[in-house]
Amino acid sequence: MDAATRPQLRFLHDELEELKAKHLYRHLPILSGEQKAVTEVDGRTVINLSSNNYLGLTTHPKLRRAAIETTRKFGVGTGAVRTIAGTMSIHMELEKQIARFKNVEAAVVFQSGFTANAGTVSAVLGKDDLIVSDELNHASIIDGCRLSKATIKIFKHRDVSDCERILQETANWPGRKLLITDGVFSMDGDIAPLPQLCDLAERYNCIMMVDDAHSSGVLGRGGRGTVDHFGCHGRVDIQVGTLSKAIGSMGGYVCGSRDLIEFLYHRARPFLFSTSHPPAVIGACQAAFTLLESPDGERLVKKLWSNTKFFRRGLKRLGFDTGASETPITPIMVGDAAKAIEFSKALFEEGVFAQAIGYPTVPLGKARLRAIVTAAHKRADLQKALETIGRVGGRMGMGSA
Ligand SMILES: *Cc1c(COP(=O)(O)O)cnc(C)c1O
């Protein structure tokens, strides 16, 4: 019998209908080819401002070659979790390489940035502990906090005094304390006040953790992340990064002290209970870090930033509000969600792919387009995107065009 007709799941259908009525139902945009700066989405060639492929590594020849070579040499799968028989020499090599890149003792790779955060927070903290967390931290941090069963206190976004207020109120907390923040916030593109948060962590004896998913490959020397960007070496106990964004492939990692990493080998549930990365992914990531450590990598990061500045300047000149962004994540503020969706659709029709983001991903009344600039965009692509945004926005009464 067709599952859709069974009454047990009828409520799913009803909820979907409700989403459609509220214009919150989303279809999945489908790429028919590679993830790159100009690509084909739903059958239309578009300038792609919607990917996290910051350095254009998803299609880089060196990564592609490495993935193929590691597949030839090691096969397509590992057939086990890391602790049983799923650790290959290349996993260990990649982790050494990441630790060297980040200038820390050790690193461990997870299946995704999501599992790295959720697995680490829930392993390190327990029910007697306290987590102090920025209100805009990523969903994987929130889930990790919930899984830990610790007490969770939320401070206002990037608000150091609100964070301190919570730490003062909990100064006599008997358990362990974690202060946790995204390095770069994924919807606004602003940067955490890391040095000040490190000061607080030191003053109030907290474990300090930063999620650099949108900062590795983007901020710091050669893309070494927010710790490097701010010169906070040695002050952040746990750094998380992803291999799925700037690194161009898939996975997440945690780095810090040797003890932290060995503890995670024993306690992080995604590490213990989910199979390790296939060789192709590891090979591609190794090639990515080798590239980042070379002058070519530094050139890519520079290109990313000059493209970012060019694009943001262009938007401002057209009279658009780019919010608090300081990074390649560039919101184009609209306000009303329905209008943001309409704007995004109209741009798509004219060859620019920038997704609309509304409630609940961002607060009500703060709907926007979210454009992400990469090093792989040509100036001409960005110029054309700016012209289109100006023209279409103008038609809809936005910007000053
Ligand atoms: C994307 C993202 C993650 C998850 O990374 P994946 O590798 O895609 O699972 C975690 N944290 C933040 C802040 C992110 O933006």
Side-chain angles (χ1 to χ4, degrees), residues 28 35 50-55 57-58 63 94-95 98 102 107-122 131 133-147 154 157-158 178-194 197 208-220 223 225-227 229 236 238-255 268-271 274-278 280-282 284-285 288-289 324-331 355 357 360-362 368 370-374:
L28 304 177
Q35 176 61 263
S50 289
S51 90
N52 303 311
N53 185 22
Y54 289 109
L55 301 175
L57 298 190
T58 55
L63 274 71
L94 173 63
E95 287 165 348
I98 294 173
K102 301 285 279 190
V108 56
V109 167
F110 283 77
Q111 296 83 357
S112 67
F114 197 106
T115 56
N117 270 328
T120 300
V121 174
S122 59
I131 299 173
S133 174
D134 186 289
E135 67 178 327
L136 294 189
N137 277 346
H138 190 258
S140 54
I141 292 179
I142 297 171
D143 286 11
C145 295
R146 289 178 183 159
L147 282 168
I154 308 293
H157 180 49
R158 295 178 71 229
L178 173 75
L179 177 47
I180 186 164
T181 184
D182 279 12
V184 168
F185 291 86
S186 53
M187 292 301 141
D188 294 275
D190 48 353
I191 307 174
L194 195 63
L197 293 179
M208 183 68 217
M209 175 164 172
V210 62
D211 173 7
D212 261 349
H214 282 285
S215 351
S216 9
V218 176
L219 280 177
T226 44
V227 170
H229 172 75
V236 175
I238 308 177
Q239 293 183 61
V240 167
T242 178
L243 304 168
S244 329
K245 290 175 174 139
I247 303 303
S249 186
M250 156 128 256
Y253 58 87
V254 179
C255 44
R269 291 169 70 82
F271 186 87
S274 183
T275 298
S276 55
H277 274 315
V281 169
I282 299 297
C285 292
F289 282 101
S325 174
E326 306 167 76
T327 66
I329 300 172
T330 315
Q355 287 272 30
I357 314 268
T361 311
V362 295
R368 67 199 62 183
R370 177 171 174 261
I372 300 185
V373 179
T374 75

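This chain uses plain numbering: 1 for the first residue, then up along the sequence. First listed ligand is number 1; within each ligand, the first listed atom is number 1.
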query = So, is Ser186 polar-close to ligand 1, with some N/O to N/O distance under 3.5 Å?
reply =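 For ligand 1, there is no N or O atom that lies under 3.5 Å from one belonging to Ser186.
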note = Applying salt bridge (charged side-chain N to carboxylate O under 4.0 Å, His left out) to Asp188 and not counting sequence neighbours gives Arg368
message = Could you tell me if the side chain of His214 sits less than 4.5 Å from the side chain of Asp182, heavy atoms only?
response =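 Not touching, per the 4.5 Å side-chain cut-off.
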key: Close side-chain approach of Asn137 and Phe185, heavy atoms under 4.5 Å   =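 Yes, at least one pair of side-chain atoms sits under 4.5 Å.
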message = Side chain, backbone, both or neither: which applies to Met250 and ligand 1 if a contact is any heavy-atom pair less than 4.0 Å apart?
response = neither
Just jot down the ligand 1 atoms closer than 4.0 angstrom to any heavy atom of [X], in number order.
{"X": "Asp182", "value": "13 (C)"}
{"X": "His214", "value": "15 (O)"}
{"X": "Asn117", "value": "10 (C), 11 (N)"}
{"X": "Ser244", "value": "6 (P), 7 (O), 8 (O)"}

Closest non-hydrogen atom pair, [X] against [Y]:
{"X": "Phe271", "Y": "Val109", "result": "CD1-O, 4.1 Å"}
{"X": "Gln239", "Y": "Asp212", "result": "OE1-OD2, 4.3 Å"}
{"X": "Gly217", "Y": "Ala246", "result": "CA-CB, 3.8 Å"}

request  = Check side-chain hydrogen bond (donor to acceptor under 3.5 Å, both in side chains) between Asp190 and all other residues, then give those that pass, not counting sequence neighbours.
outcome  = His157
What protein heavy atom lies closest to [atom]? Include the residue and the distance to one decimal.
{"atom": "atom 15 (O) of ligand 1", "answer": "Lys245 NZ, 2.6 Å"}
{"atom": "atom 6 (P) of ligand 1", "answer": "Gly113 N, 3.3 Å"}
{"atom": "atom 11 (N) of ligand 1", "answer": "Asp211 OD2, 2.5 Å"}
{"atom": "atom 4 (C) of ligand 1", "answer": "Phe114 N, 3.5 Å"}

query = In Å and rounded to the nearest 0.5 Å, what is the CD to OG distance from Gln355 to Ser51?
reply = 11.5 Å
inquiry  = Measuring from non-hydrogen atoms of Gly251 to any atom of ligand 1, is the shortest distance under 4.0 Å?
reply    =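 Yes, Gly251 has heavy atoms under 4.0 Å from ligand 1.
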query = Non-hydrogen atoms of Ser140 versus ligand 1: any pair closer than 4.0 Å?
reply =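 Checking ligand 1 against Ser140, which is what was asked, there is a heavy-atom contact under 4.0 Å.
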